[in-house]
Amino acid sequence: MEGEKHPINKKLAVATFCILALIIGGVFYYVYYMPRSVTSINVAFDWFIYGKFAMFYPAQQFGWYKDVGLDVTFLPGAGSADNVKRLLNGEVQFAFVDGIQIVVAKTLGVNLTAVGAYHDKNPVVVYAWNWTGVKEPKDLDGKTIITAMGGDENAMLPIFLKKQNVTDYTINTVDFPTQLNGFISNATGYGIIATYVTVLPNIEASGVHPNIIWLADYGLDVYSNVITCRTDYLKAHSDIVAKFVNVTYRSVKWSLQHQAQAFNIFMTWNPSIANDTATRSVETGQFNVGIELINTTIAQQHTYGYMTLIKWEDTSNMVYYSNMISAPLTVDQVQSLYTNQYLP
Amino acid sequence: MDIKKGVSPIIVFVLFILVWQLVPIHPLVLPKPYTVFLRVVTDISNGILVGETIVTLQEILLGFAISSVLAVLIGILVGEFDFLKNAIYPYLIAIQATPVMTIAPIIILIFGYGIMSKVVIGGLISFFPILTNVVNGLNSVDKELLELIKSFRASRFKVLTKVKLPCALPYIFTGLETSSVICVVGVIFGEFLGSSSGLGNYIVAKQFNLDSSAIFSAVVILTLIGMLMFFSIRLIHKKVTFWEGK
């Protein structure tokens, strides 16, 4: 019997080897090759894609969204109110919505939750040609101001002027391009517009260097662009919200630390934006304005995107004083408008 | 036969309302028809929509009236004088080919934020359909009829007033009917671009407030204005050109 091969043991050894090889190969394949389940989400900006949104693109470039199982598509928008509707009909999961619309939606029984501020400083400003002599709020007395239809400034400006004891004024509303072109070409003859600071690079590129009054610098600093989702979506998919918000603000932080690189990444991802010197200059200007709006004292004290109850209460009160809602929101209601929980 | 004729649009309307009611879209995006109906009644009874409607109606009627008169006059001149047709018709087509939407912001800046810019935009957009119909109408006259009246040594003016214009009337009214609806669109677009009152301004303001039922109540009023304009002109059309279809 000695020296005789044991046929059963040999077969067992081969079978064991094959099973082990299959298991190891399967695990290896799963870890390295098996496609992970990816969640597709759409994010709506509040306007066409321009330099202000550059801070989102490093996350795309470095695959940070993909790393957490998200396939993110950024879409241009047509304003904050339109984005509320896009959230409601499910076209997008996240959108740029102004604080004003979140408050109004709440009173209409639509629950939206702000998951991070993008404009921590309110971007509404009054631009005035030098010849108007307007340098500070009191100079607006007796003047006509051109505002853009559907813009936050329509709600904010009367309250701002009242706070500044300016009572004799006229507001003319036009659509946004007409407002901007009219101001730049001085065709309106009034030389004063109230709109967003994000268009300053466009104005300056045309050779006009207006005086600027920030409403936020005179005590009217309410939430403008915040990244928003539906509250029911947040409850049902808190893991997705957590991943998206965390990666997005990581991208914001990286962009602030590597501004030139972040801007180049943005331009690479948006080839439709002309890459000539003039356009790059305007887009860079818009990127820098975006940084100014997000990199505030509050953000530095806490984290980028951090929101405060006081400022949300101010936002709610402003909406009430502008007669857009019949009663101010309660503290509980205001608290339900936002969460800092998912910020990194 | 007449009963069938009257019932069919009602059936379509009821079906439309039913589909609208059943479409599962959030009411902030598409409010239900009953909500819109109630809102129309409320906004009219408390006077909110009345003031805005009067402003828009003024702009529409003025724009339509000016454009109609100019289009008929220019159409007659172009239709009657070949040299004028050769000289200005290509440019009239060029004006029509230029999208009014793109030049509307300039019109706002030139004519201001008041009623006049909306009148110009509404008038401009409704001008061409009338003009082409006038020219086509004048050119559609039976040549034998023209020869006949000319054989009586009728003057050019007589030919125009006694033969050409009556023959062109059905065409002219078709142009007026089309333009009456287009004019509403033009005026509202003008109000979207720059205004401080009117239904277009009201819609933009309510869009900002997320007040969808108010937006739709204004849309209902605009639809009614458009329909009223169209059917009024059609009624006049039928009364004036009573020989048509006989």
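Atoms considered below: every heavy atom in the structure, side chains included; atoms not considered: hydrogens, waters and symmetry mates. Every chain is numbered from 1, with letters handed out A, B, ... down the list of sequences. Keep in mind that this is a model prediction, so the values were computed, not measured.
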*Is any side-chain heavy atom of A:Met149 closer than 4.5 Å to a side-chain heavy atom of B:Leu193?*
no

*Pairwise distance CD(A:Gln179) to CG(B:Leu109) - rounded to 0.5 angstrom*: 11.0 Å

*Report yes or no: does A:Thr173 contribute a side-chain atom to a donor-acceptor pair with the main-chain N or O of B:Ser195 at less than 3.5 Å?*
yes

*Answer with side chain, backbone, both or neither: which region of A:Ile146 has an atom nearer than 4.5 Å to a non-hydrogen atom of chain B?*
side chain

*Starting at CG of B:Leu30, measure out to NZ of A:Lys85 and round the result to the nearest 0.5 Å.*
9.5 Å

*Taking A:Val319, A:Asn172, A:Asp82 one by one, which has the highest count of heavy-atom pairs under 4.5 Å against chain B?*
A:Asn172

*Who among A:Thr178, A:Asp152, A:Val174 has the most heavy-atom pairs with chain B under 4.5 Å?*
A:Val174

_Top contributor to chain A contacts, counting heavy-atom pairs under 4.5 Å, from B:Ile108, B:Asp211, B:Leu28, B:Ile106_ = B:Leu28

_Is B:Phe192 close to chain A through its backbone or its side chain, or both, or neither, when contacts mean heavy atoms under 4.5 Å?_
backbone

_For A:Ala155 against B:Phe208, the heavy-atom pair lying closest together_ = CB-CE2, 4.0 Å

_Whether over 12 other heavy atoms sit under 6.0 Å from B:Phe37 CZ_ = no

_For the backbone of B:Asn209 and the side chain of A:Gln101, can you confirm whether one donor and one acceptor N or O come within less than 3.5 Å of each other?_
no

_Atom OH of B:Tyr34: over 12 foreign heavy atoms under 6.0 Å_ = no

_Inter-residue atom distance A:Ile171.CD1 - B:Tyr113.OH, 0.5 Å rounding_ = 13.0 Å

_Please classify the contact between A:Asp98 and chain B as side chain, backbone, both or neither, with a heavy-atom cut-off of under 4.5 Å._
neither

